[in-house]
Amino acid sequence: MKLGLAIDLDTCVGCHACATACKQWNTSGTIGPLTDTRPYGKDPNGAWLNRIRTFEVGVSPDSKTVNMPLSCMHCDDAACVTVCPTGASYKRSEDGIVLIDQSRCMGCNLCAWACPYGARELDPGSGTMKKCTLCVDRIYDQQLPESERQPACVITCPTQSRVFGDFDDPESDVSKLQRERDGQPLMPELGYNPVNTYLPPRESAPRPQGGSVLGTVKKIVNRIIHR
Amino acid sequence: MHPAFSVLIFTVTAGAGYGLLGWLSANEVFGFWLLSVPTKLVIGVIAMVLISIGLVASTQHLANPKNAWRSFSRWRSSWLSREAVLAIMLYPIAALYAAAIYFTWSSIILWAGLCLLLSLAIVFVTAMIYASLKTIRQWHHPLVPTLYLLFATISGGLAWAWLLAWNGVDISALANVLAVLVAFTALLKLGYFICFKVPGTIDIQSATGFSNQKVSILDAGHSAPSFLNNEFMYDVAQTKLVRMRWMMMLATFAVPLCTLCWVPDANTLFGAFVVMMAGLLAERWLFFAEARHVVRLLHGQQRV
């Protein structure tokens, strides 16, 4: 198995719900707590496993706002695992999830330096490295109904922009999405073979040009409202 | 990259220590200068003190040092683990070398040879921790391990020249060799700066998957600094970088070179060694401060 996420950049609205749900689940999960320093102070800081960046793609006025959630890509050739001196970082052979054994990490930061995606953050409380677990403590939990055996970020996403599945199975939802929507890996030239895939925005309809009847009506209405 | 002071102290101090031990053991193997037993022991102890100060400093940047002992386990894959293993392995070998000096064992060449090889290997392995990271182009370069080895050689060599002169040994030939090495290292360091004047090849388009489109950041997604910002977005004014470069070139190369060429006696060489160590601290600070990690692309930098 090669578990990972397909993230739809077309529908992501940048609400940060996935980041919050991730923090909420994982702070009491297997790698928790995710410590915050000065959470209500002037200069809060803390470990997050998922962060959302917002980009403008293209040239205005034909540009598009793209929200890009970034978490661990669970790379096939994970440099963070290779560089780890203590063996705390490891990649599971059965499902490809990259994890950190909190009881072995010495907090040297080298894995965070090796990761091109900023997916690893040092916990200021425990002094150990934290990262996305793909909610390994949810997805195999037999106590949960099957529909809920998914990462917290995927369940919470209001626009269903995050899809979880097995990239080794060509018939899984994520594999189909990757094929049909031409899913892109990030920074493939580094050779780490990231598993997570980013589905580019669909081609949008051309912007209406001036001269249409509707456009003229809108212009008149706008002018009236302005007065 | 954020320059952690403990790492700067570690690489500079331990580097000089490994260099000094390298010179001492190379002299044992090749027999350039005949030194008395106490002289050799004092030089060896000074080298080991420098190395130990460095290693203690290096543990200070660990956020969870109680697990540091586990770093001996992954030497097959991790350069940091290899460094830990070799650095600890040096202690018993150095102790055997010291015993061989004191008791004048016939196996002294073997222990000195091992000390020489280990010193070189440790400096190389330390440099490879940085040079193996494809995410930082200023580090992922063959000049990085080359320069680390040369810096250890010249800083340890300056200490070696000072200690020999202090013991009344004629060092005119050594001063010439060191002068050539310092000048060569200075040229390579200049070459390193020139190498990274050209912009890198990984750009924000690749980082976001939008090839052939203009991409710019609107919002980095957090309102306060984070671990990622502190670690990877370290920025200082360009004028400060340029000033540091000049100070570094002066202290690391120009001052020691003048001393070696014109007034190589015990006092001036000690002064030159101290100045070079300060210069090397600036060099190591620049090594971090000028390194650009690819995460910066995801924070809006166009190219690294």
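A quick note: this is a predicted structure, and the numbers were derived from the prediction, not measured. Below, read A as the first sequence line, B as the second, and so on, with proteins coming before strands; counting in each chain starts at 1.
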Undergrad: Give the member of B:Gln205, B:Arg76, B:His299 that has the highest number of heavy-atom pairs under 4.5 Å with chain A.
TA: B:His299
Undergrad: For B:Trp75, is it the side chain, the backbone, both or neither that has a heavy atom under 4.5 Å from a heavy atom of chain A?
TA: neither
Undergrad: Where on A:Leu190 is there a heavy atom nearer than 4.5 Å to chain B: the side chain, the backbone, both, or neither?
TA: both
Undergrad: So which atom in B:Leu228 and which in A:Arg53 form the shortest heavy-atom distance, rounded to 0.1 Å?
TA: CD1-NH2, 3.5 Å
Undergrad: Under 6.0 Å from the CZ atom of B:Phe193, do we count more than 12 heavy atoms belonging to anything else shown?
TA: yes
Undergrad: Tell me which of these, B:Ile129, B:Leu133, B:Thr59, B:Thr208, has more heavy-atom pairs under 4.5 Å with chain A than the rest.
TA: B:Thr208
Undergrad: Please state whether the side chain, the backbone, both or neither of B:Leu80 comes within less than 4.5 Å of a heavy atom of chain A.
TA: both
Undergrad: In Å and rounded to the nearest 0.5 Å, what is the CG to NZ distance from A:Asp62 to B:Lys214?
TA: 12.5 Å
Undergrad: Of all heavy-atom pairs between A:Thr86 and B:Ser73, which one has the smallest distance, and what is that distance?
TA: O-OG, 3.4 Å
Undergrad: Quick check: closest heavy atoms across A:Asn45 and B:Phe227, and the distance to 0.1 Å?
TA: OD1-N, 3.7 Å
Undergrad: Write down the atom of A:Pro44, the atom of B:Ala224, and the distance for their closest heavy-atom approach.
TA: O-CB, 3.2 Å
Undergrad: Only pairs of heavy atoms separated by less than 4.5 Å count here; which of A:Cys115, A:Gly46, A:Ala88 has the most with chain B?
TA: A:Cys115
Undergrad: In terms of heavy-atom proximity below 4.5 Å to chain A, should B:Pro225 be classed as side chain, backbone, both, or neither?
TA: both
Undergrad: Sort B:His293 into side chain, backbone, both or neither according to what part of it lies under 4.5 angstrom from a heavy atom of chain A.
TA: side chain
Undergrad: Looking only at heavy atoms, what is the nearest atom pair of A:Tyr117 and B:Val295, with distance?
TA: C-CG2, 4.0 Å
Undergrad: Hey, is the main chain of A:Trp113 close enough, under 3.5 Å, to the side chain of B:Thr135 for a donor-acceptor pair?
TA: yes
Undergrad: Rounded at 0.5 Å granularity, tell me how far CG in B:Leu62 sits from OG1 in A:Thr128.
TA: 12.5 Å
Undergrad: With side chains defined as the heavy atoms from C-beta onward, is the minimum distance between B:Leu298 and A:Arg51 less than 4.5 Å?
TA: no
Undergrad: Look up atom NZ in A:Lys64 and atom CZ in B:Phe210, then write down how far apart they are to the nearest 0.5 Å.
TA: 8.5 Å
Undergrad: Out of B:Gly300, B:Gly209, B:Ser58, return the one with the most heavy atom pairs under 4.5 angstrom to chain A.
TA: B:Gly209
Undergrad: Out of curiosity, A:Glu189 CD to B:Ile202 CD1, how far, rounded to the nearest 0.5 Å?
TA: 4.5 Å
Undergrad: Which of the residues B:Asp219, B:Ile136, B:Val85 is involved in the greatest number of heavy-atom pairs with chain A at under 4.5 angstrom?
TA: B:Asp219
Undergrad: Below 4.5 Å, heavy-atom pairs only: which of A:Cys84, A:Pro188, A:Pro200 has the largest tally toward chain B?
TA: A:Cys84
Undergrad: Given that the side chain runs from C-beta out, which part of B:Asn212 has a heavy atom under 4.5 Å from chain A: side chain, backbone, both or neither?
TA: neither
Undergrad: Please classify the contact of B:Glu231 with chain A as side chain, backbone, both or neither, using a heavy-atom distance under 4.5 Å.
TA: side chain
Undergrad: How would you list, in number order, the residues of residues 100-109 of chain A that have a heavy atom less than 4.5 Å from chain B?
TA: A:Gln102, A:Ser103, A:Arg104, A:Cys105, A:Met106, A:Gly107, A:Cys108, A:Asn109
Undergrad: Would you give the length of the straight line joining atom CH2 of B:Trp79 to atom OG1 of A:Thr82, rounded to the nearest 0.5 angstrom?
TA: 12.5 Å
Undergrad: If you look at every heavy atom in A:Val83 and B:Ser78, which pair is closest and at what distance?
TA: O-OG, 2.7 Å
Undergrad: Counting heavy-atom pairs under 4.5 Å with chain B, which one of A:Ala112, A:Gly191, A:Pro185 comes out on top?
TA: A:Ala112
Undergrad: If you count heavy-atom pairs under 4.5 Å with chain B, which of A:Val59, A:Leu70, A:Thr37, A:Val81 comes out on top?
TA: A:Leu70
Undergrad: Just give me the residue among B:Ala207, B:Pro65, B:Ala84 that pairs up with chain A most often, heavy atom to heavy atom, under 4.5 Å.
TA: B:Ala207
Undergrad: Which bit of A:Ala79 comes within less than 4.5 Å of chain B, counting heavy atoms only: side chain, backbone, both or neither?
TA: neither
Undergrad: Out of B:Ser81, B:Ser206, B:Ser223, which one racks up the most heavy-atom pairs below 4.5 Å with chain A?
TA: B:Ser206
Undergrad: Using a 6.0 Å cut-off, check whether atom CD of A:Glu203 has over 12 heavy atoms from anything other than its own residue.
TA: no
Undergrad: Relative to chain A, which segment of B:Leu297 carries a heavy atom at a distance below 4.5 Å: side chain, backbone, both, or neither?
TA: both
